[in-house]
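Below, read A as the first sequence line, B as the second, and so on, with proteins coming before strands; counting in each chain starts at 1.
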Amino acid sequence: MENFLQFNSVSYFYQTKDNEIQAVKDLTFSVNENQFASIVGPSGCGKTTILSLTAGLLTPSTGEILIGNEKVGKHDGKVGYMFQRDHLFEWRTIWQNITLGLEIQKKNKDPKKLARAEELLKKYDLYNFRNKKPRQLSGGMRQRVALIRTLMLEPQLLLLDEPFSALDFQTRLLVCDDVYDIIKREQKTALLVSHDISEALSMSDRIIVLSSRPACTKQVVDLSFEGKTPLLKREDKEFGRYFETIWRSLTNENQKTS
Amino acid sequence: MAGILKPFGEVLPMKTKKQVNFSQAHKKYIKRLKQEKILVVFLQIFILALLLGLWELLAHFEVIDPFFFSSPSRVIKCIASLIAGGEIWMHMGISLAETVIGFIVATLLGAIIAILLWWSERARKVSQPYLVILNSLPKIALGPMIIFWVGSGFSATVVMCVLICIVITIISLLNAFTSCDQDKILLMQSMHASKFQILRKLILPNAIPEFVSVLKINVGMSWVGTVMGEYISSSAGLGYLINYGKSMLNLDLVMASIILLSILAGGMYFLVNLFEKRKQQ
Ligand SMILES: Nc1ncnc2c1ncn2[C@@H]1O[C@H](COP(=O)(O)OP(=O)(O)OP(=O)(O)O)[C@@H](O)[C@H]1O
Ligand SMILES: [Mg+2]
């Protein structure tokens, strides 16, 4: 489906005691179904705000957000959210962590869902660890568990807020590959926020470059490296060219503002 | 070349099985750990024996006046006669009951109030100055009022006990509740958790370490409350015995009561520790 996620002139203001902070200004962009899109922008420009708006945790001050042609409401369960840190609950086992969402939505007795949980664990090499506590797992494995926890609620759209930035570089490349693979295999639409242009390039089909705060679309770049994994894409000769385009798009604005 | 590469093929055994054949260095290390532990226990006992022996000797040769300083043998004699008299069980039982009731009421009530204050941000703001003042107020100053309100003796002591423990319980637990990672709450919300679910599945389990440390603090505090309550007004209990011993100038009785008190308090602390160990597993 074209334009599965649509932002139509969305603005958002944070209200504080002293002033109003406009975090998002007249933002318009779209993501197609099963597409992997990334948002890059200077720090503090409003990226997390955009994800919170998409998840329905915040309501736009003006404009509208559509997912599958329906306006984003508060409780429609279409969206799964993955954070910078995995936020696994240390007092729960891996199994209890991934079924947290089912428990919350009182679906944890549903045999179909439980079978799906088991299947995902097996598929992504975590089944033997299902009775372990999170602290017994490596950073990469924890991030995979966090992703499966998010997938359990069968979201139509995955939001990822710098999910790899807490990992060391090597693990990060591998986990990137893993997560990309899982998202593609499960055929999810994803919206990733990243500080790291290379990371965004290696994972995405589309990159949305934002201006500094208040965030609005600077440029949308559609990428085409046919069917390669993130690691292989990094070696593609197109990679450098795309990198430059995006880098220029980002910095050129910085010069204007400073 | 192949010979050099080979070791890399033999990956270390998975940690799933318990290692059986340890290296010499590891055995040495374990042995040293054991020796260290034995030494520590030995020193602990040694210091106790040394202090008691010194105390006994100094009292025996009247370097210190045994009338004021008592002595281990006199304390033991006193405890033996207390046990023979039989009344001591009543005194210990009453003190223990006051402490345990005060401890449980303060912990439960404190936890409930902390939960309510977490739930309502407004209530939290409104209550803040009261909590600060109550926390810095020496609770013993309320002693006379308590006696007027609930009568002297058992209930006054329990109330004193609760007053001493509850404020710190509320403050520490509330602090643990509100310091929960905001992103974890956002995560729960993105899964459409209700506020009650966030409380039950995130806030409360997340605060368990803090809860255990509150329990430990409360063991000590509730004994403070009991002894203070019994000092102010009572006709039974270990605090009463201490006070009575003091007025009769029977310092053997005072020392004996203190020793019994520390045995009870130590036992209670031990139980809480046991609870913590079981929670950790
Ligand atoms: N709850 C809030 N109240 C007031 N202002 C806020 C709030 N949250 C964010 N802001 C402000 O809105 C702007 C955008 O914040 P946001 O977190 O969306 O940026 P970001 O692009 O995700 O930043 P980073 O790159 O650091 O992750 C920032 O200037 C921030 O100070
Ligand atoms: Mg952010």
(request) Take A/W91 and B/L204 through the test side chain to side chain contact (heavy atoms under 4.5 Å, CB included) and record every step on the way to the result. (result) CA-CA 11 Å; A/W91 55 89; B/L204 291 182; over 6 Å; no
Could you grab the distance from atom [atom1] of [X] to atom [atom2] of [Y], nearest 0.5 Å is fine?
X      : Y      : atom1 : atom2 : answer
B/S190 : A/I104 : OG    : CD1   : 8.5 Å
A/F89  : B/M188 : CZ    : CE    : 5.0 Å
A/E90  : B/N206 : CD    : CG    : 10.0 Å
B/L186 : A/Y81  : CG    : OH    : 6.0 Å
B/Q197 : A/E103 : CD    : CD    : 8.5 Å

Check the surroundings of atom [atom1] in [X]: do more than 12 heavy atoms from other residues, nucleotides or ligands lie under 6.0 Å from it?
X      : atom1 : answer
B/K28  : NZ    : no
B/Q35  : CD    : yes
B/R122 : CZ    : no
B/F270 : CZ    : no
B/Q24  : CD    : no

(message) Counting only non-hydrogen atoms closer than 4.5 Å, does B/D183 touch chain A with its backbone (N, CA, C, O), its side chain (CB onward), both, or neither?
(response)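 For B/D183, backbone and side chain are both near chain A.
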(message) Need one label for B/I198: side chain, backbone, both or neither, based on atoms under 4.5 Å from any heavy atom in chain A.
(response)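 B/I198 has no heavy atom closer than 4.5 Å to chain A.
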(request) Please assess A/R149 against B/L187 for the test side chain to side chain contact (heavy atoms under 4.5 Å, CB included), listing each intermediate value before the final yes or no. (result) CA-CA 11 Å; A/R149 176 184 60 194; B/L187 171 80; 3.5 Å; yes
(message) Exactly one of A/L100, A/T150, A/L102 should register a side chain to side chain contact (heavy atoms under 4.5 Å, CB included) with B/M191. Which one does?
(response) A/L100
(request) Check each atom of A/Q84 against the heavy atoms of chain B and say whether the ones under 4.5 Å are side chain, backbone, both or neither. (result) neither
